[in-house]
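Computed from a prediction, not measured in an experiment: that's the story for all the values here.
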Amino acid sequence: MLHKFKKIDYSIVFILLILMVISILSIYSTTFGRPKWEVYPQKAVIFYIIGFIVFFGMSMINYKLIIKNYLYIYGVGMILLILVMFIGKEYYGAQGWLSIFGLSLQPAELFKLCLIVFLSALLARKKNRPLFFGRDVIPISLCVLPPLLLVLLQNDLGNALSYVVILVGLLWIGNIKFTHALIGFVIAVAALIGGTQAYIHYHDEVVKFLKDIGRSHWADRFDPWLVPDQTSRDVLWQTYNAKLAIGSGGISGKGYMEGTTIQSNRVPLAYADSIFVQIGEEFGFVGASVLLLLYFILIHRLVLIALECKDRAGPYLIVGIIAMLLYQIFVNIGPFIGLMPLTGITLPFISFGGTSLVLNMLSMGLVMSIKVHTEENEDILGSSEQPSITELVMKLFRRKSTQQEQ
C-alpha cells in the first residue's frame, strides 16, 4: 500500500490544495453576513475532506477493475437518472436532485464519470483501429442519447451538453477518421451559426415555443447573449452585474471581501455558478489569471500521465476527464465575459456544491489510479479479435454473454 502512495503525483495534490483554499475563501466572501448561507464555508470544508478521502481511496483501487465493470456502472447511472424523474427534487428550475439521508445528490453530475468509463471501455476494445461510421460511431453515439434526453427532461441543459462534449473528445482520441471528424465539425459550426441566426430572427416564435413546452427559462439564458436589446432588465440582471463586477476589478482587484457588487448581493448564486465573478472583482485580472494558470497546470499534468500510460483504457479515461473539466471551465466563465449563454454549470473545484466537488475529486483519484497501476500489464479487456461497437453495445442486453466474457 505504501509503495502506491509514493507513486501519486503530488504536484496534482498540491494544486488541489490551492484550489481548495481559493474555493473556501471565495465561498466565505460571497456568503458573509447572509444568515441563510453562512454555513456554506463550513460545508465546503466538509465536502473537501470527503473529496480528499475519495481521491486517495480511488487512487488505491486498480482502475482496471472499474473498466471491467463498465456495463454495471453505466446501468447504475441510468437507473439514478430514471429514478430522479420520479422522486427527484427541483432546484433553480431543474428537477435533478435526489435526497439521500438528508444529503442532495445530483445524478446528472455523477453520470459524467459513468459515461466516461463506459465509452472508454468500448473504445479501448478497438485497440486503436479506425472507427467505422456505421459500425462504431453511430452505435456509440446512440449510447449517449438516452442519458442526454433524460437530463434534458430534467431541465438541465448544461449537464446534457457536457455528455456531447465528452463523446466528441473520446471519439477524437478513439481514432475517428479525419474526414468524418471534419464533416462533423462543419455540421456543428453550421448548426451553431444557423441556430443563433434563427433564434435572433424568429425570437418571438422561439420564445413562445419554449414557453409552451415548459422551457421558458432557456430563453432567459439565451436572450442576454443573443438579443440583449430585447431583453428585460430582470433577465439581464445577472450577466450585466457580473460583467460590471469583473470589469471594475481591474488589474489587481478591489481586495478580498471588498467587492461592492458581490458584497451587495447583486449577483445571484455568487457562491456557486457565479463564483468566478467574485474572483474577478476582488482579485482582478491577476487573480483570474492565476486561477486559469492553475487549471492549465492541472490539465497539463493529466496529459503527461495519459502519455505515460501503458494500458489501452487509461488514456481514454483521462481524455474524457479533461474534456469534462475544459467544458465546465469554459461554460462557467464564458457567460460572464459575453462568450456564451448561462447554463448553470459549476466552476470545477471552486464553486459550492457537494456532488460536483466529489465527482471532480473522484475523477482526479481515477487519474491517480491510472498512474499508480499503469505498470500492471494484465489485459482485463480481453485479447480476442476486435468486435465492432455495435456488437459491444448489444452485450448490454445479453448479461450472460457479458459475464462469460469477463
Pair Lys254 + Glu281, salt bridge at N-O below 4.0 Å: yes
Short N-O contact, Lys208 and Asp204, less than 4.0 angstrom: no
Matching residue for [X] among [options] - test: ring pair (Phe, Tyr, Trp, His ring centres under 6.0 Å):
| X | options | result |
| --- | --- | --- |
| Tyr163 | Phe111, Phe118, Tyr327 | Phe111 |
| Tyr40 | Phe47, Tyr271, Phe32 | Tyr271 |
| His180 | Trp172, Phe185, Phe133 | Phe133 |

Residues His373, Lys7; criterion side chain to side chain donor-acceptor pair (under 3.5 Å); working and verdict: CA-CA 9 Å; His373 300 94; Lys7 291 182 179 180; over 6 Å; no
Main-chain N/O of Ser29 paired to Gln263 side chain as donor or acceptor, under 3.5 Å: yes
Side-chain (Asn332) to main-chain (Ile345) donor-acceptor, under 3.5 angstrom: yes
Check whether any side-chain heavy atom of [X] sits under 4.5 Å from a side-chain heavy atom of [Y], and report yes or no.
| X | Y | answer |
| --- | --- | --- |
| Asn175 | Lys126 | no |
| Pro41 | Thr31 | yes |
| Cys114 | Val76 | no |
| Phe330 | Leu339 | yes |
| Leu17 | Phe52 | yes |
| Tyr63 | Leu317 | yes |
| Val137 | Phe132 | no |
| Pro348 | Tyr295 | yes |

Check: His203/Asp223 side-chain N/O donor and acceptor closer than 3.5 Å: yes
Minimum heavy-atom distance Cys143-Tyr74, with the two atoms named: O-OH, 2.6 Å
Whether over 12 other heavy atoms sit under 6.0 Å from Phe56 CZ: yes
